[in-house]
Amino acid sequence: MITQYIPFAMAAILIVALMIDLRTARMPNWLTLLPVVLFIVQVGASGMPSAFAWQLAQGVIVFVLGIALFAAGGIGAGAVKLMAGTALFIPTANGWIALVGFLGTVFVAFPIIIMIRKAIGSEESKWAVLSRQILPMSLPIAVAGFLGMFWG
């Protein structure tokens, strides 16, 4: 059945988002829309749409919290959409491991990225993560998505 392959398609979306974000510091709208399309396909193909109610609620909660972070200037709109779309595919039982993975990546990987930027970054770099003072939010989103979808 097609639904068993959807987490792998979502994983591919996260990898593409990470690479685009590292290179350009942007997340295209078409890319952040794909998780919603995949979720609709998954719900439609499952035969039990009510089984995804908690995951839909989880995605809405993540979106609302993300909008609050966006309004405070702490995260970009593309990251909010990607984060909410990723939350649609994380079983609610794995929500905590995804959250721990997200926060762990923010507090461990971001300081490492800053040190790397200071050591080898330059304004001439073709990679936005090395040329500008940005932090790729797609990295903790991808880690959280991978842990949430494939843990256990």
Side-chain angles (χ1 to χ4, degrees), residues 5-43 52-152:
Y5 299 111
I6 290 192
F8 297 105
M10 186 60 207
I13 291 169
L14 290 172
I15 291 169
V16 169
L18 177 59
M19 296 310 297
I20 291 173
D21 194 17
L22 289 173
R23 179 81 173 185
T24 66
R26 302 182 64 80
M27 279 188 235
N29 284 330
W30 64 265
L31 186 63
T32 60
L33 180 65
L34 287 178
V36 175
V37 172
L38 276 178
F39 187 71
I40 291 169
V41 169
Q42 184 175 28
V43 170
F52 296 96
W54 285 108
Q55 285 173 248
L56 181 60
Q58 182 173 268
V60 170
I61 291 168
V62 168
F63 184 74
V64 169
L65 293 174
I67 290 295
L69 281 172
F70 173 73
I75 192 171
V80 170
K81 293 180 280 186
L82 183 65
M83 191 167 43
T86 302
L88 294 172
F89 296 95
I90 298 174
T92 51
N94 289 358
W96 288 107
I97 191 68
L99 180 61
V100 168
F102 180 86
L103 294 175
T105 305
V106 166
F107 289 112
V108 173
F110 281 1
I112 293 170
I113 290 171
I114 292 168
M115 288 188 293
I116 291 170
R117 183 184 306 130
K118 286 181 182 179
I120 64 169
S122 72
E123 291 181 14
E124 292 83 33
S125 176
K126 294 184 185 210
W127 291 87
V129 72
L130 294 176
S131 65
R132 293 189 271 172
Q133 299 292 320
I134 59 108
L135 292 170
M137 287 306 297
S138 60
L139 178 60
I141 295 168
V143 169
F146 275 85
L147 286 173
M149 289 187 296
F150 301 114
W151 186 268

Stepwise side-chain contact (heavy atoms from CB on, under 4.5 Å) check, R117 with L135:
CA-CA 10 Å; R117 183 184 306 130; L135 292 170; 4.0 Å; yes
Sequence neighbours left out, what pairs pass side-chain hydrogen bond (donor to acceptor under 3.5 Å, both in side chains) with at least one residue falling in [range]?
range	value
residues 143-152	none
residues 65-77	none
residues 94-106	none
residues 70-85	N29-K81

Is the count of non-hydrogen atoms from other residues, nucleotides or ligands lying under 6.0 Å from F8 atom CZ greater than 12?
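Atom CZ in F8 is not packed in, count stays at 12 or less.
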For I40, the side chain to side chain contact (heavy atoms under 4.5 Å, CB included) test, sequence neighbours excluded, returns V36
Sequence neighbours excluded, which residues qualify as side chain to side chain contact (heavy atoms under 4.5 Å, CB included) partners of V37?
L33
Minimum-distance pair of heavy atoms, taken over all atoms of [X] and [Y]:
X	Y	value
L130	S125	CB-OG, 3.5 Å
I134	A128	CG1-O, 3.7 Å
A98	A144	O-CB, 3.2 Å
F39	F89	N-CZ, 3.4 Å

How far does CZ of F102 sit from CG of L147, to the nearest 0.5 angstrom?
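So the CZ of F102 and the CG of L147 are separated by 12.5 Å.
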List the atom pairs, with distances to 0.1 Å, where a side-chain N or O of residues 9-26 and a protein N or O form a donor-acceptor pair under 3.5 Å, not counting sequence neighbours.
| unit_1 | atom_1 | unit_2 | atom_2 | d |
| --- | --- | --- | --- | --- |
| D21 | OD2 | M137 | N | 3.4 |
| D21 | OD2 | S138 | N | 3.2 |
| D21 | OD2 | S138 | OG | 2.9 |
| T24 | OG1 | I20 | O | 2.7 |
| T24 | OG1 | R26 | N | 3.3 |

Check residues 58-76 and write down every donor-acceptor pair under 3.5 Å in which the side-chain atom is one partner and the other belongs to a residue at least two apart or another chain.
| unit_1 | atom_1 | unit_2 | atom_2 | d |
| --- | --- | --- | --- | --- |
| Q58 | NE2 | A87 | O | 2.8 |
| Q58 | NE2 | I90 | O | 2.7 |

For a side-chain contact (heavy atoms from CB on, under 4.5 Å) check, start with the C-alpha distance between L139 and I113, then their side-chain angles and the critical distance, and finish with the verdict.
CA-CA 11 Å; L139 178 60; I113 290 171; 3.9 Å; yes
